[in-house]
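Data block below; observations after.
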Number of protein chains: 2
Amino acid sequence: MEKILGIFDKFPFLSDSAKTGFLSNLEKVEFNKGDLLEKEGEVSQYLYYFLEGSARSFYNRNNRDITVSFTLDGEFVTAMHSFITRKPSYENIETLEKSKAYRISHDTLENMFENFPETERAYRMILEEYYIVLEEKQIFSKFKTAQERYLELMEYRPKVIQKASVGHIASYLDMSIETLSRIRARI
Amino acid sequence: MEKILGIFDKFPFLSDSAKTGFLSNLEKVEFNKGDLLEKEGEVSQYLYYFLEGSARSFYNRNNRDITVSFTLDGEFVTAMHSFITRKPSYENIETLEKSKAYRISHDTLENMFENFPETERAYRMILEEYYIVLEEKQIFSKFKTAQERYLELMEYRPKVIQKASVGHIASYLDMSIETLSRIRARI
DNA sequence: CTAATTTATTGATTTTTATCAATAGCTATT
DNA sequence: AATAGCTATTGATAAAAATCAATAAATTAG
């Protein structure tokens, strides 16, 4: 079993046969900057694991583009709401740069669950991670000023600041572009 | 198999043996108003299913009591962050009134996963539900004024307004008590 | 390489909601 | 029923950040 991927690092309980099964069902995909992995209005089909590059998830509301998350290499991403509910997604996912990823379709994943029950645990753990990130983001924002939120992002995910535009970061941190611009000017 | 519970309604795929196993591991618990089900600083031990009554989950920050969710009858609740990570919870859960619930400990749940792999799917679905609620709450708040948030709560979960105090509702809707009071005065 | 377009900065003003403060209304307990 | 202790309302003011507006800088395309 190759170890170059890192994709199984968090799932040591998977049997070799499950890993092999998984690998044979993964599809390697490459993207150019700005490619759309998932589109609003469509049911999210894939769960992605980023090998290289980065992406952002966003949605539109009142003609605004709101970034809800950033994905860096070594991380999983999908339009989770749609992936879970099998209803059309309100989310888009686009790459911020040339990227490489593995992906697995929802259907294939369900087959994996039937054939290798342990894989359901791996998925559960991805889901748990998703949940934790969302909850922590919510609580972290609650008592912080715009500037504190920006400083925390700088501290904990500096890569995001390098890769995303002011507009993306501002909406992600729930502030206007102007406010973020002023914060950057004074720190 | 009795059907009075409703607890299995969402998990039709569970085998009878899994259901029986589950039931024998469920503990029935009763609470008075204000009882603490889960305490901050301690690792969350139980997943609860409310048969009757209601509860709220809250945490303290800067000497403020912030309500993060309400649980009504027929719903599951735990301090999910701690339940997942097995780290001390920052969350408390208290009943808003006399209540009855079933609960299952984390350890027992893990045993269930080993003995009846299908139960892992049921837990996954609870987790998915938790995720969806959190995500929807986040997005719903984003573009709404204080008044709109209150009106939506009235529309979708009117029971909460009957059972919780202004202070609980205000922090849940992310506004001050005074703001909520003014909203109630003018609608 | 230059024009066009998008993205970012800076300033002035407004808006929403928080905070501070005082009072009023409930609830519970003796 | 009276008192104490919360809980809720209402008013005045302040603060944080949004919005509107005008440039400036940086990217992209021709």
Side-chain angles (χ1 to χ4, degrees), chain A residues 31-36 54 56 58 60-67 70 92 94-98 137-154 158 160-187, chain B residues 32-36 54 56 58 60-67 70 92 94-98 137-154 160-187:
Chain A
F31 300 100
N32 288 313
K33 179 175 178 170
D35 283 355
L36 266 190
S54 54
R56 73 180 183 109
F58 63 102
N60 282 283
R61 190 98 160 226
N62 303 137
N63 288 321
R64 293 280 190 68
D65 170 323
I66 310 296
T67 297
F70 294 102
N92 300 282
E94 72 170 15
T95 48
L96 295 173
E97 61 193 306
K98 212 162 180 303
K137 190 188 170 197
Q138 212 169 58
I139 286 168
F140 134 93
S141 307
K142 198 129 186 172
F143 288 101
K144 309 243 189 248
T145 61
Q147 175 157 329
E148 287 168 334
R149 297 199 296 279
Y150 181 69
L151 290 175
E152 281 214 20
L153 182 63
M154 267 184 81
V160 165
I161 289 169
Q162 288 148 34
K163 298 190 178 206
S165 72
V166 173
H168 299 155
I169 298 169
S171 71
Y172 176 70
L173 293 177
D174 205 5
M175 64 184 76
S176 69
I177 288 176
E178 293 92 329
T179 296
L180 178 52
S181 198
R182 279 183 254 266
I183 286 167
R184 295 175 86 142
R186 71 169 174 256
I187 59 172
Chain B
N32 288 314
K33 178 173 179 173
D35 283 355
L36 266 190
S54 55
R56 73 179 183 109
F58 63 102
N60 282 283
R61 190 100 157 223
N62 304 137
N63 287 321
R64 294 280 191 66
D65 170 322
I66 310 295
T67 298
F70 294 102
N92 301 281
E94 71 170 17
T95 48
L96 294 173
E97 61 191 308
K98 212 162 180 304
K137 189 187 172 195
Q138 208 168 60
I139 286 169
F140 134 93
S141 308
K142 199 130 185 170
F143 287 101
K144 309 244 187 245
T145 61
Q147 176 157 331
E148 287 167 334
R149 296 199 296 280
Y150 181 70
L151 290 174
E152 281 215 21
L153 182 63
M154 267 184 81
V160 165
I161 290 170
Q162 289 149 31
K163 299 191 177 205
S165 72
V166 174
H168 299 155
I169 299 169
S171 71
Y172 176 70
L173 293 176
D174 205 5
M175 64 184 75
S176 69
I177 288 176
E178 294 92 329
T179 297
L180 178 52
S181 197
R182 280 183 254 267
I183 287 168
R184 295 175 87 141
R186 70 169 175 258
I187 58 174

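These values consider heavy atoms only, across backbone and side chains, with no hydrogens, waters or symmetry-generated copies. Note that the structure is predicted; figures quoted are calculated from it, not measured. Letters A, B, ... mirror the listed sequences (proteins, then strands); counts begin at 1.
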For this session: Spell out, as yes or no, whether a donor-acceptor pair under 3.5 Å connects the side chain of Thr95(A) to the backbone of Lys98(A).
Result: no

Exercise. If you measure from OH on Tyr150(A) to CD1 on Ile169(A), what distance do you get to the nearest 0.5 Å?
Worked result: 6.0 Å

Exercise. Nucleotide range of DNA chain D contacted by chain B, 5' to 3', under 4.0 Å to a heavy atom?
Worked result: dA8(D) to dA12(D)

Problem set entry | Closest non-hydrogen atom pair between Ser54(B) and Lys163(B), with its separation | OG-CD, 3.4 Å

Under-3.5 Å N/O pairs linking protein and nucleotides 5-9 of chain C:
unit_1, atom_1, unit_2, atom_2, d
dA8(C), OP1, Val166(A), N, 2.9
dA8(C), OP2, Gly167(A), N, 3.3
dT9(C), OP2, Ser181(A), OG, 2.8
dT9(C), O5', Ser181(A), OG, 2.8

Problem set entry | Close residues, residues 146-153 of chain A, relative to DNA chain C [heavy-atom separation under 4.0 Å] | none

Problem set entry | Note, Asn60(A) side chain near Asn92(A) side chain (heavy atom, < 4.5 Å) | yes

Exercise. If you fit an axis to the five pairs at each end of the helix from dC1(C)-dG30(D) to dT30(C)-dA1(D), how big is the angle between those two axes, to 10 degrees?
Worked result: 50°

Donor-acceptor contacts under 3.5 Å from residues 175-187 of chain A side chains, at least two apart:
unit_1, atom_1, unit_2, atom_2, d
Ser176(A), OG, Thr179(A), N, 3.1
Ser176(A), OG, Thr179(A), OG1, 3.0
Arg186(A), NE, Gln147(A), OE1, 2.9
Arg186(A), NH2, Gln147(A), OE1, 3.2

Exercise. More than 12 foreign heavy atoms under 6.0 Å from NZ of Lys144(A): is that the case here?
Worked result: yes

For this session: Before giving the answer on side-chain contact (heavy atoms from CB on, under 4.5 Å), spell out for His168(B) and Phe70(B) the whole-Å C-alpha distance, their side-chain angles and the decisive distance to 0.1 Å.
Result: CA-CA 9 Å; His168(B) 299 155; Phe70(B) 294 102; 4.1 Å; yes

Exercise. Is there a donor-acceptor pair under 3.5 Å between the side chain of Glu148(A) and the backbone N or O of Thr145(A)?
Worked result: yes

Exercise. Taking atom NZ of Lys137(A) and atom CG of Leu153(A), what is their separation to the nearest 0.5 Å?
Worked result: 9.5 Å

Problem set entry | Pairwise distance CG(Asp65(A)) to CZ(Phe58(A)) - rounded to 0.5 angstrom | 5.5 Å

For this session: Could you tell me whether the side chain of Ser171(A) and the main chain of Thr67(A) form a donor-acceptor pair under 3.5 Å?
Result: yes

Shorter than 3.5 Å, N or O on both sides, protein versus nucleotides 28-30 of chain C: list them out with atom names.
none

Exercise. How close or far is atom C1' of dT16(C) from atom CZ of Phe143(B), stated in whole angstroms?
Worked result: 16 Å

For this session: For residues Tyr172(A) and Arg56(A), determine if any side-chain heavy atom of one lies less than 4.5 Å from a side-chain heavy atom of the other.
Result: no

Exercise. Would a 4.5 Å heavy-atom cut-off, applied to side chains only, mark Asp174(B) and Lys142(A) as touching?
Worked result: yes

